**Student:** 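Sharing a structure, written as structure tokens. Questions coming.
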Number of protein chains: 2
Amino acid sequence: MDDRPGVGRPTLETVARRARVSRQTVSNVLNSPHLVHPETRSRVERAIEVLRYRPHQAARSLRTHRSRLIGVRMEAFGDGINGSILDRFIHALTEVAEGHGYRVLVYTAADDASEIAAYEDLLGTHEIDAFILTSTHRADPRTAWLASRNTPFVTFGRPWDGTEHHSWVDVDGAAGTREATRRLCALGHQRIAFLGWPEGSGVGDDRRAGWEDALRGCGWDPAALVVAGPDGVDEGREGAHRLLDGAVPPTAFVCASDSLALGAIGALSDLGLVPGPDLPVIGFDDTAVARAIGLTSLAQPLGQAAQLCVNLMAALLGTDPDGTSTRPAHHLLRPELVVRATGLGGPPTGHPTATITSARTPTS
Amino acid sequence: MDDRPGVGRPTLETVARRARVSRQTVSNVLNSPHLVHPETRSRVERAIEVLRYRPHQAARSLRTHRSRLIGVRMEAFGDGINGSILDRFIHALTEVAEGHGYRVLVYTAADDASEIAAYEDLLGTHEIDAFILTSTHRADPRTAWLASRNTPFVTFGRPWDGTEHHSWVDVDGAAGTREATRRLCALGHQRIAFLGWPEGSGVGDDRRAGWEDALRGCGWDPAALVVAGPDGVDEGREGAHRLLDGAVPPTAFVCASDSLALGAIGALSDLGLVPGPDLPVIGFDDTAVARAIGLTSLAQPLGQAAQLCVNLMAALLGTDPDGTSTRPAHHLLRPELVVRATGLGGPPTGHPTATITSARTPTS
DNA sequence: ACACAAGGTTGGATCGTTCCAACCTGGTGA
DNA sequence: TCACCAGGTTGGAACGATCCAACCTTGTGT
């Protein structure tokens with residue numbers, strides 16, 4: 001007699017009484033609708049509606065060991081320029097995951113070891129269903145750990161060690177720099193430099209490879225046109241200076257990041273030069289900074305990447321009714337070249353932003 | 001006989017058997033250690049250690065209706081310049097929350113109504129313990145909804161309607177613009193313009209008020225020195241042009257955002273002018289773009305804000321053992337002025353970044 | 001007329017924890 | 001000697017869902 005509406009939260013039992021069926025039937029309506037007679041089903045559905053019933057996830061988890069939660073690490077942003085793209089990825093991921101009935105739980109970790117400790121904790125206490133890993137790198141211990149525990153996961157970033165075997169989504173950095181470099185070649189550039197990172201980082205090597213490949217393809221020699229250093233504006237500036245002071249000063253710059261590209265622009269400015277169609281500078285990641293200063297850059301399709309990550313994850317979790325292959329799968333996406341004031345001489349951008357163009361037209 | 005170590009996950013029962021006590025005693029060790037005899041306690045703790053036991057949160061939630069989860073909305077970033085600061089806030093929040101034993105669950109919502117729908121879902125299914133709200137604004141329906149459900153929450157952003165009564169943390173925008181404006185006055189500037197947003201937005205009005213206040217304090221008339229429009233680089237550029245073309249062209253710009261400031265820099269460039277000690281431009285939020293182009297800006301103390309938000313939340317949830325006041329409390333933090341190339345002529349920044357300085361030294 | 005199968009539906013047991021009332025054990029005061 | 005108390009510990013019940021085996025129909029074939 002105390003199941004008056006509004007008293008306490010509705011449970012399966014409440015709904016069942018109202019629809020004059022048993023608990024289990026209500027549960028079936030939610031989880032295996034095909035088992036329930038259509039007429040019964042609609043009666044139950046109406047009761048659910050009226051009572052604004054929502055299944056209690058904790059009770060579900062307790063029984064099924066599924067939480068409908070996926071874990072993603074929030075990374076510390078270095079200079080704030082490049083870090084932001086992971087935030088954009090997480091945003092997209094959250095949105096896509098919600099469409100699949102999953103919620104995103106974020107956590108922080110200082111390094112791989114503490115990230116693994118976080119896995120252990122999250123799996124133990126919250127029974128996270130799956131993890132989406134970002135920033136994969138060589139000798140990454142995380143994937144092996146997760147695999148050894150049979151925890152489903154998808155990486156945004158390919159496995160750089162080659163031996164691994166799991167689902168992943170990545171952006172084809174080489175394809176991006178290759179396209180940019182080819183287009184520069186087509187415009188007549190020969191001394192196209194590459195500002196990159198020290199050898200050994202998967203992402204950096206990949207982006208450099210595309211440039212080198214294209215350059216050779218055009219018949220030019222990449223030697224003496226590459227400089228490598230840690231990521232950062234100052235590092236980019238310094239690297240660009242080394243190239244510009246060298247024997248074969250470049251006429252174009254392809255960079256592994258927007259930070260480095262920004263540094264290159266600074267170096268050119270130091271020499272009284274301004275990037276543009278005749279002296280292109282191309283960055284990578286299409287960050288807010290690139291948009292702000294009119295830097296041509298290669299944009300990662302983050303929304304699409306998030307979508308695919310969730311799809312692969314759903315496949316691993318067997319959410320998709322038709323038992324689609326549980327075998328690991330992967331996708332390699334092409335970045336998109338966003339042409340702005342600093343290069344590849346597309347049509348005038350209409351709103352050449354701020355400072356870049358300013359130095360060219362000092363008066364009026 | 002089937003409690004061999006390593007078989008299945010350890011539960012309270014497993015630990016209890018190993019420590020030769022009852023389930024409940026183990027539970028007490030975890031939740032009310034003072035009830036347990038020290039000797040017993042250490043025996044139990046050792047068993048927990050050895051078995052790597054972790055309490056199962058779903059089972060806990062089921063019984064206690066607490067999830068140790070807090071909800072935060074991930075907002076869509078407009079032009080990617082200003083949006084990123086909320087991501088930084090969420091990052092800090094996640095880190096601080098972890099220190100208090102809470103995890104952060106993120107979600108997306110297109111508007112207030114769908115955010116409220118998200119609350120309803122998250123409370124119903126995951127029993128989120130509390131929400132941290134960002135971007136409070138006038139006539140914000142979210143706080144009333146949460147209050148009516150007795151759901152604990154803290155807002156990052158003060159209640160702009162005055163009538164509300166809850167815990168919040170905010171940054172004193174007026175104090176920031178006031179300080180910047182005063183310093184400009186002290187340097188001899190009289191025509192200090194303000195580039196802001198349309199009246200009615202709490203944050204925008206606040207930031208404008210600080211400028212106006214300081215300007216009057218210095219004996220100058222703010223009339224004809226203010227321009228308002230939507231946020232954005234183009235809008236800032238246009239607004240600055242209107243001011244520069246007017247009867248009293250400003251000699252300094254204080255802006256409500258880095259986007260607007262960037263626009264102002266663009267407008268100056270259009271006229272062959274370059275911001276700097278003699279023609280300062282000051283932004284707000286100290287975004288990555290500001291750092292990248294050397295824009296002086298007012299930085300919000302996001303880490304501190306996150307810390308205080310979590311503290312207030314913990315107080316509401318009664319986590320702190322000493323039952324500190326459950327009454328709503330609030331904190332108003334001062335932003336910090338970060339001086340760079342575009343203004344307030346501090347000592348040379350050492351690394352004047354890229355383009356801004358470039359136009360001043362076209363050769364060598 | 002009866003065994004049998006398939007579609008729908010049901011109630012009991014269970015997941016791992018905390019709440020609760022009861023229990024045991026010494027020590028204290030009448 | 002016994003009632004009483006407080007500190008420490010215990011086992012049963014409950015939280016809200018799903019798993020599982022059994023149940024009741026109804027229709028079909030023999």
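Here the structure is a predicted model, which means the values were calculated and not measured.
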**Student:** For D/dG8, does either OP1 or OP2 sit under 4.0 Å from a side-chain N or O belonging to B/His37?
**Tutor:**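 Checking B/His37 against D/dG8: at least one side-chain N or O falls below 4.0 Å of OP1 or OP2.
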
**Student:** Looking at every strand, decide which applies to A/Thr64 at a 4.0 Å heavy-atom threshold: base, sugar-phosphate, or nothing.
**Tutor:**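 Sugar-phosphate contact only - A/Thr64 comes under 4.0 Å of backbone atoms but never of a base.
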
**Student:** Looking only at side-chain atoms of A/Asn28, point me to the closest of C/dT10, C/dT17, D/dA17.
**Tutor:**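 Output: C/dT10.
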
**Student:** Among C/dT10, C/dG16, D/dG16, find the nucleotide with the atom closest to the side chain of B/Arg9.
**Tutor:**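 Within the option list, the nearest is C/dG16.
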
**Student:** What's the CG-C1' distance between B/Leu30 and C/dG16, to the nearest Å?
**Tutor:**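 Atom CG in B/Leu30 sits about 13 Å away from atom C1' in C/dG16.
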
**Student:** What's the closest nucleotide to the B/Arg63 side chain, out of C/dC15, D/dA14, D/dC20?
**Tutor:**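 For the B/Arg63 side chain, the nearest candidate turns out to be D/dA14.
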
**Student:** Whole-Å distance between D/dC24 P and A/Leu35 CG?
**Tutor:**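 In whole Å, D/dC24 P and A/Leu35 CG are 20 Å from each other.
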
**Student:** Which class fits the ring pair B/His166 and B/Phe153: parallel under 30°, tilted 30 to 60°, perpendicular over 60°?
**Tutor:**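 Ring orientation of B/His166 relative to B/Phe153: tilted.
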
**Student:** Using the side-chain heavy atoms of B/Thr11, tell me which of these nucleotides is nearest: D/dG16, C/dG16, C/dG11.
**Tutor:**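 Nearest listed nucleotide: C/dG16.
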
**Student:** Rounded to the nearest angstrom, tell me the gap between atom CD in B/Gln24 and atom P in D/dG12.
**Tutor:**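 Spelled out: CD on B/Gln24 to P on D/dG12 is 13 Å.
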
**Student:** Quick one: label A/Thr40 by what it contacts on the DNA or RNA (base, sugar-phosphate, nothing), any heavy atom closer than 4.0 Å.
**Tutor:**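 Here A/Thr40 touches the backbone only, sparing every base.
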
**Student:** From CD of A/Glu13 over to P of D/dA17, roughly how many Å is that when rounded to an integer?
**Tutor:**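 A/Glu13 atom CD is separated from D/dA17 atom P by 10 Å.
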
**Student:** Of the listed nucleotides (D/dT9, C/dG16, C/dG8), which one gets closest to any side-chain atom of B/Ser22?
**Tutor:**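 Among the listed nucleotides, the one closest to the side chain of B/Ser22 is D/dT9.
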
**Student:** For residues B/Arg142 and B/Thr136, determine if any side-chain heavy atom of one lies less than 4.5 Å from a side-chain heavy atom of the other.
**Tutor:**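 In short, these two side chains touch, coming nearer than 4.5 Å.
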
**Student:** Whether the side chain of A/Arg23 and the base of C/dG12 hold a donor-acceptor pair under 3.5 Å is what I'd like checked.
**Tutor:**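 Counting by modelled atom types and ignoring angles, a donor-acceptor contact under 3.5 Å is found here.
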
**Student:** Can you figure out which of D/dG16, D/dT9, C/dT17 approaches the side chain of B/Leu62 most closely?
**Tutor:**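 Looking only at heavy atoms from C-beta outward on B/Leu62, the closest nucleotide is D/dG16.
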
**Student:** Nearest-Å distance, CZ (A/Arg17) to P (C/dT10)?
**Tutor:**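 It is 14 Å, rounded to the nearest whole Å.
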
**Student:** Let me know the distance between CG of A/Leu123 and P of C/dG16, rounded to the nearest Å.
**Tutor:**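 About 16 Å, once rounded to whole Å.
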
**Student:** Parallel, tilted or perpendicular: which one describes the rings of A/His330 and A/Trp168, with boundaries at 30° and 60°?
**Tutor:**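 Parallel, since the angle between the ring planes stays under 30°.
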
**Student:** Please determine, for the side chain of B/Leu12, which listed nucleotide (C/dT17, D/dG11, D/dT18) has the closest atom?
**Tutor:**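 Taking heavy atoms from C-beta onward, the closest nucleotide is C/dT17.
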
**Student:** Rounded off to whole Å, could you give me the CD-to-C1' distance for the B/Gln57 and C/dT17 pair?
**Tutor:**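 Rounded to whole Å, this separation is 10 Å.
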
**Student:** Report which part of the nucleic acid B/Thr25 touches: base, sugar-phosphate, or nothing (heavy-atom distance under 4.0 Å, all strands).
**Tutor:**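 Base: the residue B/Thr25, judged by heavy atoms under 4.0 Å, touches a nucleobase.
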
